[in-house]
There are 2 protein chains.
Amino acid sequence: MTGTVERRRRVGTRRQILDVAVEVMAERGVAGLSLSEVARRVGIRQPSLYKHFASLHAVYDEVFREGAEHQRDAVARAVRGSAPGLTALLAAIEAIGRLAMANPVVAQLLSWRPVPDFTPSEEAFRPSIEMVEIVRATLRDAVAAGELDPAADSDDGVALVSILVSGALTQQLANEPDAGYEAGRFSSLLPRAFAMFVQYFAPKAEEQP
Amino acid sequence: MTGTVERRRRVGTRRQILDVAVEVMAERGVAGLSLSEVARRVGIRQPSLYKHFASLHAVYDEVFREGAEHQRDAVARAVRGSAPGLTALLAAIEAIGRLAMANPVVAQLLSWRPVPDFTPSEEAFRPSIEMVEIVRATLRDAVAAGELDPAADSDDGVALVSILVSGALTQQLANEPDAGYEAGRFSSLLPRAFAMFVQYFAPKAEEQP
DNA sequence: GTCTATAGAGCGATAGAC
DNA sequence: GTCTATCGCTCTATAGAC
């Protein structure tokens with residue numbers, strides 16, 4: 001039997017630092033990340049960490065970047081796997097919800113600002129922008145298909161979607177963080193919140209010519 | 001001219017500790033509150049703080065309690081000053097929004113869980129429960145007046161309202177914390193989010209007998 | 001209710017040997 | 001890329017004099 005430390009070594013120290021960092025944040029809160037604690041659990045001395053990351057903020061930044069990438073990829077996958085338009089939009093929303101509840105710490109880092117002096121670098125933030133563009137494109141598709149009023153394809157439309165998603169997840173993470181996406185009192189309301197949005201932007205009577 | 005420290009002394013040390021605590025949280029993040037820093041700014045030695053509060057958590061708890069009371073009072077005031085039903089509900093929602101943007105730190109303490117090892121005491125939490133009851137009562141009024149479908153007067157109805165409110169405020173606080181309620185890209189969408197809710201729970205065709 | 005003194009612990013980061 | 005040693009700083013909380 002290989003000891004835990006030994007096994008961990010084999011995965012690559014850098015990878016391991018990031019995983020343990022998320023672990024620590026889960027226990028102490030996102031702002032409670034400490035490189036000393038990470039080093040302790042990884043099984044190296046704290047100064048050795050600086051060979052892998054330039055600073056505490058650099059660790060936050062990389063966790064942010066990876067989290068944003070996963071989120072964008074989950075949305076892209078959900079959209080690709082669905083009929084374009086409203087079906088894809090709902091799939092995207094649910095994908096974000098499931099991912100957030102499976103990884104609450106990263107979700108908090110991405111959508112709140114829990115570490116006051118940390119701002120993600122431009123590079124770390126880029127996947128989030130790309131994700132918004134994907135959502136925007138599904139809104140455009142839904143409008144083109146006559147499923148939504150043209151007003152939905154707008155900055156306000158995207159903002160309203162993000163309000164619904166972040167509202168459900170915020171309430172869920174703050175009140176029942178361990179409930180899971182399906183069981184959660186708030187996260188399970190996401191489809192109904194989506195229905196509110198769809199009804200609000202229901203296309204007017206005129207059909208496309 | 002009275003010096004700052006002197007003036008502060010006159011307001012009462014306990015009051016001052018709470019005000020400065022909010023100040024510090026605004027600068028360092030909610031989780032970054034430090035009694036040493038509070039004592040420094042108040043102009044007393046840090047051990048003296050313990051004559052006023054038993055611990056760091058006790059300070060958090062009191063900030064939470066006062067914040068929850070203010071929120072409840074703002075909602076009660078908004079409801080009392082409006083026609084019962086939907087008008088009152090919108091007024092309540094906007095009151096929460098304005099209060100949150102005027103006091104972002106307290107809003108974060110109330111609706112997120114930014115301090116991992118702090119949970120508000122039952123007493124501190126009570127005003128929040130009372131606020132929810134007020135909101136629930138306005139839903140009941142709106143249903144009785146035929147403004148909403150009976151389904152709106154339910155736990156899910158309240159949860160959906162809270163999702164809209166916390167979603168708009170979370171996005172606003174995380175992305176444009178200094179924008180103010182009226183100017184904020186997200187907070188200014190609260191009335192439209194409310195309209196989504198109203199339309200979703202529009203009463204069915206039958207009138208009351 | 002304020003003070004001094006102190007215990008006991010934590011942290012991020014750097015220098016320099018191997 | 002790991003280590004030891006260390007700097008310099010932060011913090012919460014308690015004991016006990018006034």
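To find a chain, count down the sequence lines: A is the first, B the second, and so on, and within it residues start at 1.
Taking the side chain of A:R28 as heavy atoms from C-beta on, and the options D:dA5, D:dA13, C:dC11, the nearest nucleotide is C:dC11. The nucleotide whose nearest atom lies closest to any side-chain atom of A:T13 is, among D:dT14, D:dT2, C:dC11, D:dT2. With D:dT2, C:dA15, C:dC3 as the candidates, the nucleotide lying closest to the side chain of A:P47 is C:dA15.
B:F118 has its CZ atom 17 Å from the C1' atom of D:dT12, to the nearest Å. B:R45 places its CZ atom 12 Å from the C1' atom of C:dA5, with the value rounded to the nearest Å. When the C1' atom of C:dG10 is taken as reference, atom CD of A:E37 falls 11 Å away, rounded to whole Å. For B:R40 and D:dC9, the CZ to P distance is 12 Å, given to the nearest whole Å. Atom CD in A:Q46 sits roughly 11 Å away from atom P in C:dT14 (whole-Å rounding). Atom CD1 of B:I44 is separated from atom P of C:dC3 by 6 Å (rounded to the nearest Å). Summarising the geometry, the separation between CG on B:D117 and C1' on D:dC11 is reported as 13 Å, rounded to the nearest angstrom. Spacing between atom CG of A:L35 and atom C1' of C:dG12 amounts to 7 Å, rounded to whole angstrom units.
Contact check for B:E94 versus B:Y181: side-chain heavy atoms found under the 4.5 Å cut-off. Contact annotation: the side chain of B:R185 never approaches that of B:N175 to less than 4.5 Å [non-hydrogen atoms, C-beta and beyond]. At a threshold of 4.5 Å between non-hydrogen side-chain atoms, the residues A:M101 and A:Q172 count as touching. Counting heavy atoms from C-beta on, the side chains of A:H57 and A:F53 never come closer than 4.5 Å.
Contacts between residues 49-67 of chain A and DNA chain D, defined by a heavy-atom separation under 4.0 Å, are made by A:K51, A:H52.
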Compile the donor-acceptor pairs under 3.5 Å between side chains in residues 61-69 of chain B and protein atoms, sequence neighbours left out, one pair per line.
{"unit_1": "B:D61", "atom_1": "OD1", "unit_2": "B:S121", "atom_2": "N", "d": "2.8"}
{"unit_1": "B:D61", "atom_1": "OD1", "unit_2": "B:S121", "atom_2": "OG", "d": "3.4"}
{"unit_1": "B:D61", "atom_1": "OD2", "unit_2": "B:S121", "atom_2": "OG", "d": "2.6"}
{"unit_1": "B:E62", "atom_1": "OE1", "unit_2": "B:R65", "atom_2": "NE", "d": "3.1"}
{"unit_1": "B:E62", "atom_1": "OE2", "unit_2": "B:R65", "atom_2": "NH2", "d": "2.8"}
{"unit_1": "B:R65", "atom_1": "NH1", "unit_2": "B:E69", "atom_2": "OE2", "d": "2.8"}
{"unit_1": "B:E66", "atom_1": "OE1", "unit_2": "B:R15", "atom_2": "NH2", "d": "3.0"}
{"unit_1": "B:E66", "atom_1": "OE2", "unit_2": "B:R15", "atom_2": "NH1", "d": "2.9"}

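OP1 or OP2 of C:dC3 has at least one side-chain nitrogen or oxygen of B:S48 nearer than 4.0 Å. For the pair A:S36 and C:dG10, the criterion of a side-chain N or O lying under 4.0 Å from OP1 or OP2 is not met.
Listed for the A:S82 side chain is a donor-acceptor partner under 3.5 Å among the backbone atoms of A:A78.
Neither side chain, A:W112 nor A:S166, offers a donor N or O lying under 3.5 Å from an acceptor on the other.
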